[in-house]
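Please read the structure below before turning to the comments.
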Amino acid sequence: MKQALIVQGGWDGHEPKEVSELLAQILRGEGFHVELSDTLETLADEEKVMSMDLIVPVWTMGSITKEQLAPVLKAVKNGTGIAGCHGGMGDAFRNETEFQYMVGGQWVAHPGNDGVHYQVKIKQSQHPLMSGLSDFDVCSEQYYMHVDPAIDVLAVTYFGETEMPVTWMKHYGKGRVFYCSLGHHADIVAMPQVTEMMRRGMVWAAEREEEQV
């Protein structure tokens, strides 16, 4: 049975507890054993973190110590997957540039704040993680992000003529990284399209490269 660790906390405005429960439910539906934690000190247990197939941070802003972050970076470099959404992973630990490098991007603005109507367009409709999904509309925060040009972009939105990644995948060492900028509140994570992207992305991230035929 695959092991997943969800660590939730940080800014309460993103409903970390509710989002964590939704993501845990998705993972349990895929046969994962899920451990939920509300303290970053859990991450300081290197043996535990290294034993995980998947780490899911749901921790907007906040700060993390070197002793807490180092096991995460080491685990992902060695093959543990990491996946998350919105500020819980894309705006976590603003002072930790290595964490941002691992994620592949960092939030910088959401013009119009919450309640912006915009479209999410599937950029790679033939990709296994996006197959069968269609473009959809959302009313939420529209994340403008600084992004690593090396990410593999799966879905996008637009700020005028500017294309902005919404969903992407990448590698950090041997580990798989999946991110989706949607999820300001739990009701957005619960949208069928977002739930499905997160389901596929988390399952993909938890697969180690040697498991592939």
Side-chain angles (χ1 to χ4, degrees), residues 4-24 26-27 34-46 48-50 52-77 80-110 113-114 140-148 150-151 164-173 175-186 188-189 194 197-198 201-202 205-206:
L5 174 63
I6 299 177
V7 183
Q8 64 89 7
W11 183 59
D12 284 338
H14 279 161
E15 301 179 352
K17 183 176 180 180
E18 293 83 353
V19 169
S20 294
E21 291 291 349
L22 283 172
L23 297 178
I26 294 169
L27 287 168
V34 181
E35 178 178 341
L36 286 151
S37 173
D38 61 2
T39 173
L40 293 174
E41 192 57 29
T42 302
L43 300 176
D45 185 342
E46 182 175 308
K48 174 192 286 289
V49 173
M50 293 289 291
M52 292 294 158
D53 297 290
L54 180 68
I55 300 167
V56 181
V58 187
W59 201 289
T60 303
M61 295 182 283
S63 59
I64 189 171
T65 68
K66 292 181 179 180
E67 291 77 16
Q68 293 163 347
L69 179 57
V72 177
L73 299 175
K74 181 178 179 180
V76 178
K77 281 182 179 178
T80 295
I82 188 167
C85 61
H86 201 62
M89 182 161 139
D91 188 23
F93 321 129
R94 290 178 177 177
N95 291 329
E96 302 299 336
T97 54
E98 186 65 21
F99 182 85
Q100 296 167 19
Y101 175 63
M102 175 178 65
V103 172
Q106 167 64 32
W107 171 85
V108 290
H110 41 57
N113 298 311
D114 196 13
S140 184
E141 288 183 343
Q142 186 181 25
Y143 262 19
Y144 197 101
M145 305 189 75
H146 287 163
V147 295
D148 183 342
I151 61 175
M164 180 61 52
V166 169
T167 306
W168 66 73
M169 55 192 290
K170 60 163 291 189
H171 288 79
Y172 179 75
R176 294 179 171 195
V177 181
F178 178 85
Y179 176 74
C180 175
S181 70
L182 297 163
H184 179 55
H185 291 138
I188 301 299
V189 179
V194 181
M197 283 197 290
M198 290 305 300
M202 289 190 296

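Note that the coordinates shown come from a computational prediction; the quantities given were computed from them, not determined experimentally. The first residue in the sequence is number 1, and the count goes up from there.
Contact detail for V49 and P71: the closest heavy-atom pair is CG1-O, 3.6 Å. Of all non-hydrogen atoms in Y172 and L73, the two that sit nearest each other are CE2-O, 3.7 Å. In plain terms, the two heavy atoms of I151 and G104 that are nearest each other are CG2-O, 3.7 Å. Contact detail for A83 and P57: the closest heavy-atom pair is O-CD, 3.4 Å. Nearest heavy atoms, M89 versus G84: SD-N, 3.3 Å. The shortest heavy-atom contact between A186 and L22 is O-CD1, 3.3 Å.
Separating the CG atom in L40 from the CD atom in Q8 is a distance of 10.0 Å, to the nearest 0.5 Å. Atom CD1 of I188 and atom CG of L182 lie 7.5 Å apart (nearest 0.5 Å). Interatomic distance, CD of E67 versus CG of L43, reported as 12.0 Å (0.5 Å rounding). Going from atom CZ of F178 over to atom CE of M197 covers 6.5 Å, rounded to the nearest 0.5 Å. Remark: D114 CG to H185 NE2 distance equals 5.5 Å, nearest 0.5 Å. Taking CG from D148 and CE from M102, the interatomic distance works out to 12.5 Å, rounded to the nearest 0.5 Å.
Put simply, the side chain of V34 does not reach to within 4.5 Å of the side chain of V56, judged on heavy atoms. Side-chain contact between Y101 and T97 is absent, with no heavy-atom pair separated by less than 4.5 Å. In this structure the side chain of M169 never reaches within 4.5 angstrom of the side chain of R176, judged on heavy atoms. Residues S63 and N95 are not in side-chain contact: their nearest non-hydrogen atoms beyond the backbone lie 4.5 Å or more apart. Looking at heavy atoms from C-beta onward, Q100 lies out of side-chain contact with H146 at the 4.5 angstrom threshold. Using a 4.5 Å cut-off on side-chain heavy atoms (C-beta onward), Y143 and M164 make no contact. Side-chain contact between L36 and E21: present, with at least one pair of heavy atoms (C-beta onward) separated by less than 4.5 Å. Within the 4.5 Å cutoff, the side chain of V58 has heavy atoms near those of the P16 side chain.
Under a 3.5 Å cut-off, the side chain of T80 and the backbone N or O of M52 do form a donor-acceptor pair.
Put simply, the residue from H14, R94, E15, H86 that forms a side chain to side chain donor-acceptor pair (under 3.5 Å) with T60 is H14. When each of L23, D38, T42, I55 is checked for a side chain to side chain contact (heavy atoms under 4.5 Å, CB included) with I6, only L23 meets the rule.
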Start with the C-alpha distance between W168 and M145, add both sets of side-chain angles, then the distance that settles side chain to side chain contact (heavy atoms under 4.5 Å, CB included), and finish with yes or no.
-> CA-CA 12 Å; W168 66 73; M145 305 189 75; 3.9 Å; yes
Determine, step by step, whether S140 and H184 satisfy the side-chain hydrogen bond (donor to acceptor under 3.5 Å, both in side chains) criterion, reporting the C-alpha distance in whole Å, the side-chain angles of both residues, the deciding distance to 0.1 Å, and the verdict.
-> CA-CA 7 Å; S140 184; H184 179 55; 5.5 Å; no
Criterion side chain to side chain contact (heavy atoms under 4.5 Å, CB included) on Q106 and D91, from CA distance to verdict = CA-CA 6 Å; Q106 167 64 32; D91 188 23; 2.8 Å; yes
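The side-chain contact (heavy atoms from CB on, under 4.5 Å) check on N113 picks up H110, with sequence neighbours excluded.
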